[in-house]
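Taking it in order: structure first as structure tokens, then the write-up.
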There are 2 protein chains.
Amino acid sequence: MSSNAYDCGSVKPLSELFKLLAEPNRLKILCSLGLECRPVSDVVEATGLSQTNVSFHLRLLREAHLVRAERRGPFVYYCLYDPNLLAILDQMRKWLEAHEATMGEESIRRAK
Amino acid sequence: MSSNAYDCGSVKPLSELFKLLAEPNRLKILCSLGLECRPVSDVVEATGLSQTNVSFHLRLLREAHLVRAERRGPFVYYCLYDPNLLAILDQMRKWLEAHEATMGEESIRRAK
DNA sequence: ACCGCACATGAGTAGTAACGCATATGACTG
DNA sequence: CAGTCATATGCGTTACTACTCATGTGCGGT
């Protein structure tokens with residue numbers, strides 16, 4: 001068949017991951033967690049979002065197993081399930097920057 | 001301040017990229033393009049989507065400079081702007097699979 | 001110039017997701 | 001065990017996005 005079609009298998013799981021990462025506030029939350037575990041209140045302060053909103057997003061991230069929650073006394077600490085996620089995000093950003101740089105040149109060639 | 005907070009800089013561009021990739025059909029389209037250039041009709045056939053729908057998504061991808069369009073006779077050929085995108089997608093999928101495998105073990109430990 | 005093919009676009013609709021408000025839960029303190 | 005602090009959840013609203021239908025546009029052949 002078409003020689004060079006990529007094996008896209010089931011795109012569902014991948015697209016669901018992207019959907020989670022597509023929300024700016026969720027990205028902020030993930031980044032604000034960094035490599036450590038932090039209580040919700042820290043995330044609220046770091047992101048400037050409402051507590052309700054942070055909890056809302058944290059639930060989605062938790063259900064997707066991107067973050068993990070554990071109680072410590074009255075606090076609930078959240079941390080990344082897999083620290084590699086940050087590395088991946090970083091790599092994506094680098095790709096984006098390089099890509100956008102290329103786009104800059106491109107807009108010149110665009111004449112006609 | 002908070003020692004280990006990741007530099008999230010502006011999450012906007014990154015989240016917009018993710019948003020584009022979060023649509024299953026858009027992912028299918030990108031994968032069906034593979035490393036070659038293909039006319040829209042090929043993509044329609046490969047994905048099983050309506051022509052209108054494919055054009056709709058291709059427009060978004062084009063405006064984001066993820067794909068490029070060029071006319072060849074009566075056809076319009078689309079190709080990935082940066083083939084590395086496929087490599088990135090592949091890497092993401094591998095991460096996901098490894099991650100989900102870990103989750104499997106995790107659900108055992110979950111017993112209170 | 002007309003017609004047909006490949007593709008693009010505009011309008012309208014339906015489904016979904018984010019957010020705020022109010023309230024519930026769960027843990028510690030007196 | 002009443003009260004308070006940290007966090008979670010249900011509900012209602014609003015905004016966005018994918019999709020379809022109908023139609024427009026550009027190219028090639030006759």
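Being a predicted model, the structure only gives us computed values, none of them experimental. Hydrogens, waters and symmetry mates are skipped; everything else that's a heavy atom, side chains included, is used.
Place A:Phe75 and A:Arg59 on DNA chain D by their nearest nucleotides, and A:Phe75 ends up nearer the 5' end. Two residues, A:Glu23 and A:Gly73, neighbour DNA chain C, and the one matched to the more 5' nucleotide by heavy-atom proximity is A:Glu23.
What separates NZ of B:Lys19 from C1' of C:dA18 is a distance of 10 Å, to the nearest Å. At whole-Å resolution of the value, CG in B:Leu58 and C1' in C:dA8 are 11 Å apart. C:dA17 atom C1' lies 14 Å from atom CD of A:Glu63, rounded to whole Å. Put simply, OH on A:Tyr77 is 18 Å from P on D:dC5, counting in whole angstrom units. Nucleotide C:dG26 holds its C1' atom 17 Å from the CD atom of A:Glu70, rounded to whole Å. Remark: C1' of D:dA8 and CG of A:Leu49 are 16 Å apart, rounded to the nearest angstrom. Following rounding to the nearest Å, B:Asp42 (CG) and C:dC5 (P) show an atom-to-atom distance of 18 Å. Between B:Phe18 atom CZ and C:dA17 atom P the separation is 18 Å, expressed in whole Å.
Within 4.0 Å (heavy atoms only), A:Thr52 reaches at least one base atom of the nucleic acid. Within 4.0 Å of B:Leu60, counting heavy atoms only, lie sugar-phosphate atoms of the nucleic acid but no base atom. Using a 4.0 Å heavy-atom distance criterion, A:Arg72 is classed as making no nucleic acid contact. Using a 4.0 Å heavy-atom criterion, one finds that B:Ser55 contacts the bases of the nucleic acid, with or without backbone contacts as well.
Here the side chains of B:Val67 and B:Tyr81 are not in contact, with every heavy-atom distance at 4.5 Å or above.
Among the nucleotides D:dT7, D:dA18, C:dC19, the one closest to any side-chain atom of A:His57 is C:dC19. Of the listed nucleotides (D:dA18, C:dA18, D:dA8), D:dA8 has the atom at the smallest distance from the side chain of A:Val76. Among the nucleotides C:dC19, D:dT7, C:dC7, the one closest to the side chain of A:Asn53 is C:dC19. When distances run from any side-chain atom of A:Arg71 to the nucleotides C:dA8, C:dA27, C:dA17, the shortest one goes to C:dA27. Relative to the side chain of A:Val40, the nucleotides D:dT20, D:dT7, C:dA17 differ in distance, and D:dT7 lies closest.
Side-chain contact check for A:Glu45 and A:Ser41: no donor-acceptor pair (N or O, by modelled atom type) lies under 3.5 Å.
B:Asn84 is linked by a side chain to side chain contact (heavy atoms under 4.5 Å, CB included) to A:Trp95, B:Asp82, counting only residues two or more places apart in sequence or in another chain.
Within the structure, a side-chain polar atom (N or O) of A:Tyr78 is placed less than 4.0 Å from OP1 or OP2 of D:dA8.
Between the base of C:dA6 and the side chain of B:Gln51 there is no donor-acceptor pair shorter than 3.5 Å.
Nearest heavy-atom pair across A:Ser10 and A:Pro13 is O-CD, 3.6 Å.
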*Begin with the C-alpha distance, continue with both residues' side-chain angles, and end with the deciding distance and a verdict on side chain to side chain contact (heavy atoms under 4.5 Å, CB included) for B:Phe56 and B:Leu60.*
CA-CA 7 Å; B:Phe56 168 72; B:Leu60 298 181; 4.1 Å; yes
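No donor-acceptor pair closer than 3.5 Å links the side chain of B:Ser55 to the backbone N or O of B:Thr52.
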